[in-house]
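To start, the structure itself, in C-alpha cells.
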Protein chains: 2
Amino acid sequence: MSETAPSLSIGQVAERTGLSVHALRFYEREGILADPVRRGPGGRRVYSEQDVEWLNLCIILRASGMPLPAIRQYTGLVRQGAGNELERLALLRRHQELVTAQIGRLTECLELIGYKVRVYEDHLDQGAADDLCGSLPEN
Amino acid sequence: MSETAPSLSIGQVAERTGLSVHALRFYEREGILADPVRRGPGGRRVYSEQDVEWLNLCIILRASGMPLPAIRQYTGLVRQGAGNELERLALLRRHQELVTAQIGRLTECLELIGYKVRVYEDHLDQGAADDLCGSLPEN
DNA sequence: GCTTGACCTAGAGTCGAGTCTAGATCCTAG
DNA sequence: CTAGGATCTAGACTCGACTCTAGGTCAAGC
C-alpha cells in the first residue's frame, strides 16, 4: 500500500525510455532536464517518474525533429515556472507547424516514389513482351 | 527550331536544382551521378538536362531521408543499365516503406503536440478565472 | 596586359547529436 | 577482503552530409 516515492537509477531510466545512459547524461549537460536532477549518496543521479515523463516528452519532440537548442529553450520556460505559458504555447505551435510542413513534404516525396514504383511494376509486369521497344524507366 | 543539346555549367545546375556548387561536386565524388559527368574544355563539368532530372530525383530521395550510400547503390544499378529492374524496384519499395513509417511516426508526434497545445490553450483561455486552483499544464 | 569571375582539385573544417574511453568511486555478494 | 557491476567526470571520438579554403586555370571584357 505504501507507494514509496519511486526513485530510479540512471540505468533504470535508460531502460524505461530507450535512451542510452550516455544520452541521459548528455541531455542533462545540455540543460534538457526539467529540474537539475537530484543526487543520491555517492553523487549518483536519482530520477523521479516525473523526470521520466519529461524525458518521454523530449523524445517525442526530438523524434519530430526539434533540435536540442529548442528543447532547451522550452525546458528553460518550464523551469521558470508559471507565467510564461504564452511563450510555451508559441514554441509548441511553431514546432507543430514545422512538423506539419515536414509531413507535407514527405507525403509529396512519397507520391513521387510511388509513381516511380508503379512505373517499374508496369515495366516488369509487361516487360517480357516489349523488351526491346522501351517502356523506358530510364532511372 | 534548333534545340541545341542543352548543356549546363555547374553554376547553372546549382541554380536550377537549389543545390550548392560544392554539393554538386561532393555528390559526384560520392558516385551519385548517373553518368560520370562529361567535361568540357579546361576540364569543366558539362551537365545535360538529364543530369538535372537525375539530381532532382536524388533531391527527392534525400529529402525523404534516404542516406547517400543508398542513393549511391541505386545509382549503381541504373548505371549498370537494363536487367536489374527488380533490384531497383526493391530498393524503391524499401524506401517507400521507410517514408511511410516516418510519416506515421511524425503524425503520432503531431497528435501529442496538438494535445499539449490544446491544454495550454484551454489553460490560457480560462486561466484568469482559476489562476490558483491549477488547471495544471505542468510542462 | 590585367583584372574579374566562374571553374578546377585536394583536403580541411563544421555542425548536430550523440557515443565511447579512461580512470575513479561506491555498494553488494561471496 | 575482494571481485563485479553500476555509477561518476571530463573529455575525446564518430558519423553523415555538407561547406569552405587554398592555390591554380582559363576566357572575356576593359
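All values derive from a computational prediction rather than experimental measurement. Labels below follow one simple rule: chain letters A, B, ... track the order of the sequence lines, proteins then strands, and each chain is numbered from 1.
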### Query
CZ of Arg29(B) versus P of dC8(C): gap in Å, rounded?
12 Å
#### Entry: N/O donor-acceptor pair under 3.5 Å between Glu85(A) side chain and Gly83(A) backbone
yes
### Task
Please report the C-alpha distance between Leu68(B) and Arg62(B) in whole Å, then the side-chain angles of each, then the deciding distance to 0.1 Å, and finally whether the side chain to side chain contact (heavy atoms under 4.5 Å, CB included) criterion is met.
CA-CA 8 Å; Leu68(B) 291 185; Arg62(B) 280 293 304 123; 3.5 Å; yes
### Query
Are side-chain N/O atoms of Arg93(A) and Gln96(A) paired as donor and acceptor at under 3.5 Å?
no
### Donor-acceptor pair present, Arg62(A) side chain and dA17(C) base, under 3.5 Å
no
### Query
What nucleic acid atoms does Pro41(B) come within less than 4.0 Å of, heavy atoms only: base, sugar-phosphate, or nothing?
nothing
### Task
Please answer whether the main-chain N or O of Glu49(B) pairs with a side-chain N or O of Trp54(B) as donor and acceptor at a distance below 3.5 Å.
no
## Note on the structure
When rounded to whole Å, the CZ to P distance for the pair Arg39(B) and dC7(C) reads 12 Å
### Query
Quick one: Met66(A) CE to dG16(C) P, roughly how many Å, whole number?
16 Å
### Query
Given dC8(C), is OP1 or OP2 found less than 4.0 Å from the side-chain N or O atoms of Arg25(B)?
yes
### Query
Is a donor on one side and an acceptor on the other found under 3.5 Å between the side chain of Asp122(A) and the backbone of Val119(A)?
no
#### Entry: Distance in Å, Thr100(A) OG1 paired with Leu106(B) CG, rounded so as to fall on 0.5 Å steps
9.5 Å
### Query
How do Gly42(A) and Ala23(A) order along DNA chain C: which one's closest nucleotide is nearer the 5' end?
Ala23(A)
## Note on the structure
Walking DNA chain C from its 5' end, the first of Leu19(A) and Gly11(B) to be reached, judged by nearest nucleotide, is Gly11(B)
### Query
Going by an N to O cut-off under 4.0 Å, is there a salt bridge joining Arg39(A) and Glu28(A)?
yes
### Task
Give the rounded distance in Å between these two atoms: CG of Leu24(B) and C1' of dC7(C).
13 Å
### Task
Rounded off to whole Å, could you give me the OH-to-C1' distance for the Tyr47(B) and dC8(C) pair?
12 Å
### Reported CD1-to-OG distance for the pair Ile113(B) and Ser64(A), which is rounded to 0.5 angstrom
4.0 Å
### Message
Using salt bridge (charged side-chain N to carboxylate O under 4.0 Å, His left out), reason through Arg105(A) and Glu111(A) one step at a time and then give a plain yes or no.
### Response
CA-CA 10 Å; Arg105(A) 249 170 286 138; Glu111(A) 271 165 38; over 6 Å; no
### Message
What's the angle between the local helix axes at either end of the helix from dG1(C)-dC30(D) to dG30(C)-dC1(D), using five pairs per end and rounding to 10 degrees?
### Response
20°
### Glu30(A) CD to dT19(C) P, straight-line distance once rounded to whole Å
13 Å
### Task
Please figure out whether Gly43(A) or His22(B) has its closest DNA chain D nucleotide nearer the 5' end.
Gly43(A)
### Message
With heavy atoms of chain A within less than 4.0 Å as the criterion, where does contact along DNA chain D begin and end?
### Response
dA6(D) to dG11(D)
### Query
Which whole-number value in Å describes the distance from Phe26(B) CZ to dC15(C) C1'?
14 Å
### Task
Name the closest nucleotide to the Ile10(B) side chain, picking from dC26(C), dG18(C), dC7(C).
dC7(C)
## Note on the structure
Arg72(A) atom CZ is separated from dA17(C) atom C1', nearest whole Å, by 12 Å
### Message
Under a 3.5 Å threshold, yes or no: a donor from one side chain and an acceptor from the other, between Tyr74(A) and Arg88(A)?
### Response
no
